[in-house]
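Single-structure report; data block below.
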Protein chains: 2
Amino acid sequence: MYTEILKKTQLFSGVDNDEISAMLNCLQAETVDYKNGDYVFREGDFINQITVLVKGKLLVQRDDFWGNRSIVNVINSGEMFGEAYVAPGSGAMLNDVIAIEDSTIIAFDINRILTVCPSACKFHTDIIKNLLFTIAEKNRKLVQKIGHMSKRSTRAKLLSYLSDEAKKQNCSHFYIPFNRQQLADFLCVDRSAMSNELCKMRDEGLIKFNRNEFTL
Amino acid sequence: MYTEILKKTQLFSGVDNDEISAMLNCLQAETVDYKNGDYVFREGDFINQITVLVKGKLLVQRDDFWGNRSIVNVINSGEMFGEAYVAPGSGAMLNDVIAIEDSTIIAFDINRILTVCPSACKFHTDIIKNLLFTIAEKNRKLVQKIGHMSKRSTRAKLLSYLSDEAKKQNCSHFYIPFNRQQLADFLCVDRSAMSNELCKMRDEGLIKFNRNEFTL
DNA sequence: TTTATTTCGTTGTAAAAACAACAGACATAT
DNA sequence: ATATGTCTGTTGTTTTTACAACGAAATAAA
């Protein structure tokens with residue numbers, strides 16, 4: 001049914017079409033539909049599933065102790081979620097997950113995934129690898145982001161980020177995948193203040209840039 | 001040799017002493033000693049191992065494009081590291097890891113861990129589970145931390161954190177595991193400014209606290 | 001082409017944070 | 001008991017940021 005979409009996800013990368021259908025069975029995957037506005041998870045839920053969104057769009061949001069709501073994340077078709085809560089000691093989910101379009105998910109019991117079945121589907125260990133790699137990759141990006149965000153001033157945040165990009169692309173001349181507003185959101189600073197700081201750095205001869213093209 | 005220490009790590013939790021020795025063999029674990037000041041990893045290294053520190057202390061540090069050094073993390077005995085780089089597409093390591101005491105590590109090839117051996121050690125799948133859970137757990141904590149740090153003002157960061165703790169402990173009266181300096185470091189703000197903000201919030205009747213004891 | 005729309009830089013002002021410096025409370029060691 | 005060190009709160013000053021508002025340039029749409 002959704003094998004074409006699953007095939008393109010990181011979790012099933014490298015797995016044949018035929019195998020996917022077979023595995024959905026083996027893993028006792030559960031397909032669930034949600035109407036726009038439905039809750040997929042509620043804060044306080046205990047989950048032991050990882051989930052792939054195969055249709056629609058979800059919002060991860062969070063209300064604090066005083067009821068102030070904030071948007072944590074948007075999940076698009078093909079993306080996996082819930083993977084951070086697979087560990088037994090994770091405790092209850094701290095966010096609400098809400099469908100903001102008519103959506104469909106496929107949920108996998110984490111224990112089924114981690115326990116290689118007796119019939120031992122050919123690609124089962126690949127799935128485990130994919131899962132681990134996906135989480136590890138996300139982890140690495142989070143650590144880098146924290147590295148930038150932890151800097152006190154906007155300038156230091158920018159230098160941290162730009163330095164990283166230059167090193168990653170191994171060249172002092174490089175392109176960033178953000179426009180100004182996106183970069184500001186990523187670094188959690190005000191756009192105009194950031195733009196201002198960028199221009200100051202340019203005037204001081206520290207960097208050069210044009211749109212998303214930078215030279216250190 | 002180091003089975004007692006390994007036994008206490010998250011990676012080997014639930015595995016018997018005897019089994020650990022057997023597995024070190026099966027996994028072809030490699031034990032390496034470092035003198036104080038030695039490099040364990042260098043920026044630019046490509047690694048495909050996860051590593052447990054069994055003796056000593058390591059520093060994760062990073063130089064930016066202009067040579068400014070910053071300390072990313074401290075690794076203590078029993079802790080695992082390198083796990084974020086296990087995915088094939090992770091690219092080169094972006095940090096230096098340096099021994100700041102005489103240290104000993106045990107390194108495991110990630111492919112050996114993820115490929116269940118023919119002789120199928122009894123606890124091999126447990127290790128995989130432990131590995132996944134450890135990374136997932138770290139992931140969850142990073143996401144939460146970013147949630148707090150992403151708030152613009154010190155007050156908002158504090159409220160985000162305190163609200164989380166209250167929800168986690170399911171009680172508006174709770175203790176935090178930090179002193180003021182540690183909390184400030186965690187939220188990446190200035191200690192005195194934070195202390196000041198806490199007191200303002202107290203004076204406004206928003207919160208009560210005494211040392212690390214808080215009431216919302 | 002002309003008209004929207006988005007993106008980016010710029011400015012001034014008000015608010016907030018960093019920083020430095022110090023004093024009181026508390027605990028620990030001598 | 002005294003001294004030492006750590007932790008916390010407090011204050012004033014300086015620096016930085018957020019915010020709002022606007023115009024120019026670039027892009028997309030009509």
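Everything numeric here is computed off the predicted structure, so don't read it as measured data. Numbers restart at 1 for each chain; the letters A, B, ... are given by sequence-line order, proteins then strands.
- Close to C/dA17, at under 4.0 Å from its OP1 or OP2, lies a side-chain N or O of B/T154.
- Comparing A/R155 and A/R191 by the nucleotide of DNA chain D that holds the closest heavy atom to each, the one mapping nearer the 5' end is A/R155.
- For B/M194 and D/dT10, the CE to C1' distance is 14 Å, given to the nearest whole Å.
- Salt-bridge annotation for B/K167 and A/E43: present, with a side-chain N of the basic residue lying under 4.0 Å from a carboxylate O of the acidic one.
- Residue B/F209 is classed as a sugar-phosphate contact, given heavy-atom separations below 4.0 Å to backbone atoms only.
- When distances run from any side-chain atom of A/R202 to the nucleotides D/dA18, C/dA17, C/dT10, the shortest one goes to C/dT10.
- Checked against the 6.0 Å centroid criterion, the rings of A/Y175 and A/F214 do not qualify as a close aromatic pair.
- One can place NZ of A/K151 at 15 Å from P of C/dA18, the figure rounded to the nearest angstrom.
- When rounded to the nearest whole Å, the span between CG of B/D203 and P of D/dG9 equals 11 Å.
- Nucleotide C/dA16 holds its P atom 12 Å from the CG atom of B/N196, rounded to whole Å.
- Picking from C/dC19, C/dA17, D/dT17 the nucleotide with the shortest atom distance to the side chain of B/E197 gives C/dA17.
- The distance from atom CZ of A/R180 to atom P of D/dA26 is 14 Å, rounded to the nearest whole Å.
- Contact check on A/E204 versus A/R155 returns a salt bridge, with a Lys/Arg side-chain nitrogen under 4.0 Å from an Asp/Glu carboxylate oxygen.
- Ionic pairing of A/D164 and A/K145 is not present here: no N-O contact between side-chain nitrogen and carboxylate oxygen is shorter than 4.0 angstrom.
- Between the CG atom of B/L198 and the C1' atom of D/dT11 there is a distance of 17 Å, rounded to whole Å.
- Summarising the geometry, the separation between CD on B/Q181 and P on D/dG9 is reported as 13 Å, rounded to the nearest angstrom.
- Residue-level contact check: B/S195 touches the bases, meaning some heavy atom is under 4.0 Å from a base atom.
- As a whole-Å value, the separation of A/K200 NZ from C/dC8 C1' is 17 Å.
- Nucleic acid contact class of B/N179 (heavy atoms, under 4.0 Å, all strands): sugar-phosphate only.
- Between B/R211 and B/A193, the one whose closest nucleotide on DNA chain C sits nearer the 5' end is B/A193.
- A salt bridge links A/E137 to A/R140: at least one charged side-chain nitrogen sits closer than 4.0 Å to a carboxylate oxygen.
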